[in-house]
K.L.:
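Structure in structure tokens, see below.
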Amino acid sequence: MTLATSANSVDPLLQDIIGPTPGQQLRRRFFGHRGLMIGASVLGLLLVIAVLAPVVAPHDPYAQDLMARMKPPVFLGGTWENILGTDHLGRDYLSRLIYGARVSLLIGFVAALISGTIGTAMGVAAGYFGGRVDMVVTFLINVRLAMPVVLVALAVVAILGGSLQVVIGVLGLLLWDRFAVVMRASTLQVRGREYVAAAQAIGASTPRILLSEIMPNIMNNLIVVITLEMAHAILLEATLSFLGLGVQPPTPSWGLMVSEGKNMMLFEPWLVLIPGTVLFVVVLAINLMGDGLRDVTAPENRS
Amino acid sequence: MVYTKLKSAVAVLSICAAGAAYADKSDDTLSVAFTKELENVDSYFNSSREGVVLQRAVWDGLVYRDPVTNEYKGNLATAWEWIDDVTLEFKLREGVTFHNGEVFNADDVVFTVNFVADAENGVKTQRNVSWMKSAEKIDDYTVRISLKAPFPAAIEFLSGPVSMYPNEYYAEVGPKGMGLKPIGTGPYKVAEVIPGQRFVLEKNTSYHDSPKGQPSIGRIEIRTIPDINTQIAELFNGTLDMIWQTPADQAEKLAEMEQFTVTNESTMRIGYLSLDAAGRTGEDNPFTKLKVRQAVAHAINREALVAALLKGKSQVISTACFPSQFGCDQDVKSYEYDPEKAKMLLAEAGYEDGFTTEFYAYRNRDYAEAISSYLNAVGIKTDFKMMKYSALRELRTAKGTPVSFQTWGSYSINDTSAITSQFFKFGALDDARDPELRDWLDVADSSTNPETRKEFYSKALNKIADNAYWVPMFSYNTNYVYGNDVSYTPTPDEVLRFTTMTWN
Amino acid sequence: MLNFILKRLGLALLVALTVSFISFILLFLSGDPAIALAGEGATDEDVLAIRKLYGFDRPMLMQYASWLLSALSGDFGESYYFKLPVSSLIADRLSVTMLLGLCGISFALLTAVPLGVIAAIRPNSIIDRIALFLSVAGQAMPSFWFGLILIVAFSIKLRWLPPSGTDSWRNFIMPTVVLGYYAMPAIMRLTRAGMLDVLSSDYIRTARAKGASEMRVMFKHALRNAIIPVVSLAAVQMGFMLGGSIVVESIFALHGAGYLAWESISRNDLPTVQALILIFSMFYITFTFLADVLNAWLDPRMRSS
């Protein structure tokens, strides 16, 4: 691999513009894309940790010990008993981080699923039917974009009370705009293709055309947006929790951990640095994966 | 070369930093932080601690209670006497003027009392004023205040939230004008108000001979800084001289640093769990069973909560009031920390495997979380719900909650009527609904005989403890942190008194 | 052109109206404001008196209509908390938020455009790679966390910058960086892509063939063409940014509109929250409208779409 191609693989954007060597196989592109591989590995690892949380976590993430509060991590003079120290109620920080992965992934995934369903339905309908439907959908997208996300989400969570379900619901109902925009554009592109016209000619029903002709051909774009919106949802949940209006304690959420650690930030900065770094790395990994997926699955879209 | 450039850049930056306006001893200005935005400086139209702090600096009451000895002393009044159960007569101090030059006399007292006692005028905390019916002028320096009913705590209220306003000015500008340009008789004049953000006070050089003492520091600059980290950072940088209500952990760290003084005082606020004994959330609600409520009381390690989280002068309490309050009998049943016993009691009540309940809280998320964790440990699984105060109150008013972590500060009123009677007389927030308690408290609240009052409060408090309607847990405390050039002795009522602060 | 502007304007107004209705419903459902108004420590009588005083029992549509009518004339009612007109309360703080937004977008443009240009001129160079890394990392960095780290570094450890307040321009440095960095990746990507596009066009080849200096080619010909979409993106980003200032303002204790919004939510100060949601939306709507007009003016083809 030459220096130039390796740089290309690291960076999704470059791929956007320069494009891959013609004739490359999808699988080769997939495995040859460094950003995608890094992102996928981190996410995969995280998924394994989240699933196996009860096995990998050294302690019960909920077990409090008020006499052992805010013990430093082992690299700051702590003990191996609590590798990453303990929080303000004496709970093991590492175990909470591990269980926090479950919360973040769950929120990211389900919120993206909900918003994906809404946004795709709207986008595909707008793109396929055009006319009035398109006008209404475009209008709704405009309305949605005009509403300040954080402010509206905060207000809704404040009204309904914070809980995992509420946060997932609110994010799911707010983050459909990008799905709608991208799915609308993709459907517009696909609508004119011969196979759609052929299906219409043989009298296939509209749902059938949408499901078996349109959807499979815009799936790659959908997957990319799902990935990016998952990262978006995880970040927003952390922001809401940080502002005190996200998931409720004692649920270990990374945003909540930053928020709880924030109070002692000046004296014990690691309380903030550890969960913040994990959050950053995970979101970065998901974004890398999303950008990578865009590169490897949609070569024909490149200039 | 690059290095020298960098160094000079750093030097320039640090000069900039040093040039920032340091308010301190050298220009006789003390900078203090408020955590919450104060809605209106007019003390009758806010209900926050910050409002009380300004009220005590800008205005005076007829009476003053010495925060250390609890002795009542004349302030704007020089003498007073009960004419009968519902009439108080005051001799007023002569030669006092308001900050705008208006002379203080009986007209001001009559106007203020008649204005605030009228519910139509919408004073925010009605309880502070609703016991007064009206005031009448006897002569220029004598007034009588009539009560709606016998009210033993009248002098306590007159020494606290009821302060005297200038009649001509207030009639002209009203609460809004008063909030933007406050005028009082107090030790400090208000020089600047930016609503919610910034208040500047200046020493009242012609302050009368008040038991509050004469102000010493020339200017007080108050800024609202909601974030505790920012407050501490400004304290480090010297742009703040004093912060208060500092959480225990941070205060502990600051106390270790040489350049700061940290003092701690208890407050009248107590924390407790309110349990749904009346079954408002459902007839079969576990908390209707005495043994379950007692199990809750035994499940919580209150000593550990105080030692690890609250620290300072907080104390473990077993009575449903603050120990210093009149009538707050301390000799009641106490439940020691004993998780095994708690589990046993639960089993006896028919919950061998525990149960799941909603657990509500509105402040001190960490305390609430620690408490719910203790409940989880004995098998009471909690569905933790942190809400805004107003939302939780609305829920409790409408449907009740099975268990909620509550706190009450009694408006710093040193009388059991300010807490126990608020919650056990079938009000919307009464989770016990015990008619016997209500009747006893009625007697205690309205009797003018102190012994009768004590007796009935004691009966009520004992019943509350025996039945574990509440699980009283701890009293709160407040930390005050300031630079070593400031000298201040805090008082146990959580009122920051600028008048008693001096430079070292 | 006029036709296009009128159409867009009509759409913008319709969007604004819908947003106002949604925000009204949202907060209408938020429960009894009387309890929040009465404050902590209020007795039941206090709450009852306040509910009567404000008359929260009117039908919803009536409340919305009367609110909208007065909102159109700039009267957003009285803040439940401060008892002052919401409009004056917000006007005070909006200047802080707008200043912050302007600083933020300027910072984003001043850093992202040069980075994008250099990245396009020298693809695959170190600068290109740094720029690209920043653009990916920037999107992943939680802004609340970034803000906290800056405070620890520059206010506590180095003591160069004040951690909060609005007293001098130095107070705005960190908030500007935190707010601005979020818009950087998009602007940089677009600048870079636009430059690459223009640089490979016949037009630039012609300019080069005519013997124009490289600098002249880059700035006079290439950047001028590439910058058009960037400007309209910046306008849209500015709209987003003002909505996002809520986090930044709460971290740096800037008494701006975003901070007011956060506080008002927790105080149940309905009129203020409603007004703020509407105003933040209006910012976005105005900026996208301006961007549309700008685009149409510069590129007549877009007018027909």
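We name chains A, B, ... by the order of the sequence lines, and we start the count at 1 in each one.
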K.L.:
Give a yes-or-no answer on whether the side chains of B:T263 and B:Y482 include a donor-acceptor pair shorter than 3.5 Å.
P.N.:
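A pair is found: one side chain offers a donor N or O, the other an acceptor, under 3.5 Å apart.
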K.L.:
Checking B:E494 against B:T478: is there a side-chain donor and acceptor pair closer than 3.5 Å?
P.N.:
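Short answer, yes.
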K.L.:
Which residue out of A:A63, A:G90, A:P250 racks up the most heavy-atom pairs below 4.5 Å with chain B?
P.N.:
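Highest number of pairs under 4.5 Å: A:P250.
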K.L.:
Answer with side chain, backbone, both or neither: which region of A:F267 has an atom nearer than 4.5 Å to a non-hydrogen atom of chain B?
P.N.:
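The side chain, not the backbone.
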K.L.:
Side chain from CB out, backbone as N, CA, C, O: work out which of these in B:L305 comes under 4.5 Å of a heavy atom of chain A, or both, or neither.
P.N.:
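Both backbone and side chain.
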K.L.:
Considering only heavy atoms and a distance below 4.5 Å, find which of A:M70, A:M264, A:M265, A:R91 pairs most often with chain B.
P.N.:
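Heavy-atom pairs under 4.5 Å are most numerous for A:M264.
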K.L.:
Please identify, among A:L245, A:T251, A:N263, the residue contributing the most non-hydrogen atom pairs under 4.5 Å to chain B.
P.N.:
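Looking at each of A:L245, A:T251, A:N263 in turn, A:N263 comes out on top.
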K.L.:
For chain A, which of B:L254, B:I228, B:N229 has the most heavy-atom pairs under 4.5 Å?
P.N.:
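Ranked by heavy-atom pairs under 4.5 Å with chain A, first place is B:N229.
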K.L.:
State, without any angle test, whether B:E358 and B:Y360 hold a side-chain donor-acceptor pair at a distance under 3.5 Å.
P.N.:
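Side-chain D/A pair, B:E358 to B:Y360: present.
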K.L.:
Answer with side chain, backbone, both or neither: which region of A:L89 has an atom nearer than 4.5 Å to a non-hydrogen atom of chain B?
P.N.:
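A:L89 touches chain B through side-chain heavy atoms alone.
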K.L.:
Do the side-chain N and O atoms of B:N477 and B:S266 include a donor-acceptor pair separated by under 3.5 angstrom?
P.N.:
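No, because no side-chain N or O of B:N477 sits under 3.5 Å from a partner of the opposite role on B:S266.
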K.L.:
Taking B:N301, B:L309, B:D366 one by one, which has the highest count of heavy-atom pairs under 4.5 Å against chain A?
P.N.:
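Of B:N301, B:L309, B:D366, B:L309 has the most heavy-atom pairs under 4.5 Å with chain A.
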K.L.:
Just wondering, do B:Y367 and B:Y476 contact through their side chains at under 4.5 Å, heavy atoms?
P.N.:
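Side chain of B:Y476 against side chain of B:Y367, heavy atoms only: contact under 4.5 Å found.
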K.L.:
If we ignore angles and hydrogens, is there a donor and acceptor under 3.5 Å between the side chains of B:N376 and B:T382?
P.N.:
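Yes.
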